[in-house]
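Presented below is the structure to which this report refers.
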Number of protein chains: 2
Amino acid sequence: MTVNTAQASGTADHKEQHLLEEAVERLKEKGLRLTEQRQAVLDAVVANRDQHLSCEDVVGIIKHSKPGIGQATVYRTLSLLEKMGLLFKSDLDDDCVRHYELCLQDEEAHCHLICLECGLVAEVKEDLLNTLEDRLHTKNDFVIVNRSLKFYGYCKQCAHQTGRE
Amino acid sequence: MTVNTAQASGTADHKEQHLLEEAVERLKEKGLRLTEQRQAVLDAVVANRDQHLSCEDVVGIIKHSKPGIGQATVYRTLSLLEKMGLLFKSDLDDDCVRHYELCLQDEEAHCHLICLECGLVAEVKEDLLNTLEDRLHTKNDFVIVNRSLKFYGYCKQCAHQTGRE
DNA sequence: TTAATTGCAAATGGTTTGCAATATT
DNA sequence: AATATTGCAAACCATTTGCAATTAA
């Protein structure tokens, strides 16, 4: 639904390579198997690592390589990979559809400004976020791996028009 | 499910009073009516303004005052109030259950630390957030009304146990 | 052989919708 | 009278689950 092309985003770099190896390793640790289906799902997520994929998306992507794969298998695999810490559930909103993204650590923190009037979504990088995360780490002994930071309000235009400044 | 007592959180203060008035006003503007059912839903949300209420929660809360109210009505009302800007959809969660909270401006910013291992959700107040919001305001001309700040990672215990520190 | 995995189809569960009955302006 | 609103039940739809068949160790 949301996603267009399959192997879109190019080749896997160091991180993805490491991720794949870790996947195999962690599966083996628990006596689980890296089946063709699981491999296909992993490949799809890595190839589209800049996207937030739904189960339906993944099925669409691997339709060619694994035409007969069952939805349930994809659901189970995504859930499994998430529990293993390789994927994140990302909640980019509104509906009930679950989306996943690759769990690549050490990404630079950013946040979204979401206008309640016009719906504008602006992505903002703020170096203060690093300071904030450092402090959350040291003061709460919490190891941050990912974040979802959304600020709701009114963009310049809408704030002006609706007199909310 | 999530919520225990009904009129728990005490009397409405200035902000809630203002909110109720605004609700009536905005409804009238659009030729909509403040029915008993809508009033009951609003009351429930205001009385539990420190909670994130699901539809089921609301039904439970107003069971006494409006025993015969239909689920659909509550769903429709919550959705309506959200579109009017009086409620926020808050997505603190795993499941597909939609939760709402009162849209009270100028609340003190906080964020949630969510452990990917054990599921712990810790609410943290950080004064640095105010600085951050100030900066988002001045640098982006964005008027912040609410925020959803979630940091995912590993709590002290789990980080230790899984060797991710 | 034993245990994990899959695909299918049925079940689940929160949410939405069609519609006739009711209430409000 | 015209329109908004409600309650009910059915429909929806993403996700989960039971289970028998299949596959890998």
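These figures come from a predicted structure and were not determined experimentally. Per chain, numbering begins at 1; letters A, B, ... match sequence-line order. Values below: every heavy atom of this structure, side chains too, minus hydrogens, waters and symmetry copies.
- Across the protein-nucleic acid pair, A:Leu78 atom CG and D:dT16 atom P stand 10 Å apart, rounded to whole Å.
- For B:Phe88 and A:Tyr152, the distance between ring centers is under 6.0 angstrom.
- Proximity of residues 27-43 of chain B to DNA chain D (heavy atom under 4.0 angstrom from any strand atom) is restricted to B:Gly31, B:Leu32, B:Arg33, B:Thr35, B:Gln37, B:Arg38.
- In this entry the distance linking NE2 of B:His99 with C1' of C:dG13 reads 13 Å, nearest Å.
- Remark: B:Glu133 engages B:Arg147 in a salt bridge, criterion side-chain N to carboxylate O under 4.0 Å.
- Put simply, CD1 on A:Ile69 is 16 Å from P on C:dA9, counting in whole angstrom units.
- No more than 12 heavy atoms of other residues, nucleotides or ligands lie within 6.0 Å of NE2 in B:His160, so this atom counts as exposed by the packing criterion.
- If you measure from atom CG of A:Asp57 to atom P of D:dT15, you get 10 Å, rounded to the nearest angstrom.
- A:Arg76 places its CZ atom 8 Å from the P atom of C:dG7, with the value rounded to the nearest Å.
- No more than 12 heavy-atom neighbours from other residues, nucleotides or ligands sit within 6.0 angstrom of CD on B:Gln157.
- One can place CD of B:Glu56 at 17 Å from C1' of C:dT16, the figure rounded to the nearest angstrom.
- If you check D:dA14, C:dC19, D:dT17 against the side chain of A:Tyr75, the one that comes closest is D:dA14.
- Rounded to whole angstrom, the span from the NZ atom of B:Lys66 across to the C1' atom of D:dT6 amounts to 10 Å.
- For A:Thr73, counting side-chain heavy atoms from C-beta on, the closest listed nucleotide (D:dA14, C:dG7, C:dC19) is C:dG7.
- Salt bridge present: B:Asp127 and A:Arg135 bring a charged side-chain N and a carboxylate O closer than 4.0 Å.
- Per the geometry, CG belonging to B:Leu53 stands 13 Å off P belonging to C:dT15, to the nearest Å.
- For the residue pair B:Glu22/B:His18, the side-chain donor-acceptor check at 3.5 Å is satisfied.
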Using a 3.5 Å cut-off and no angle test, enumerate the donor-acceptor pairs between side-chain atoms of residues 70-79 of chain A and protein atoms at least two apart in sequence or in another chain.
residue, atom, partner, partner atom, Å
A:Thr77, OG1, A:Thr73, O, 2.7
A:Ser79, OG, A:Lys83, NZ, 3.0

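- Minimum atom distance to the side chain of B:Arg98 is reached by C:dT16, of the listed C:dT16, D:dT6, C:dG7.
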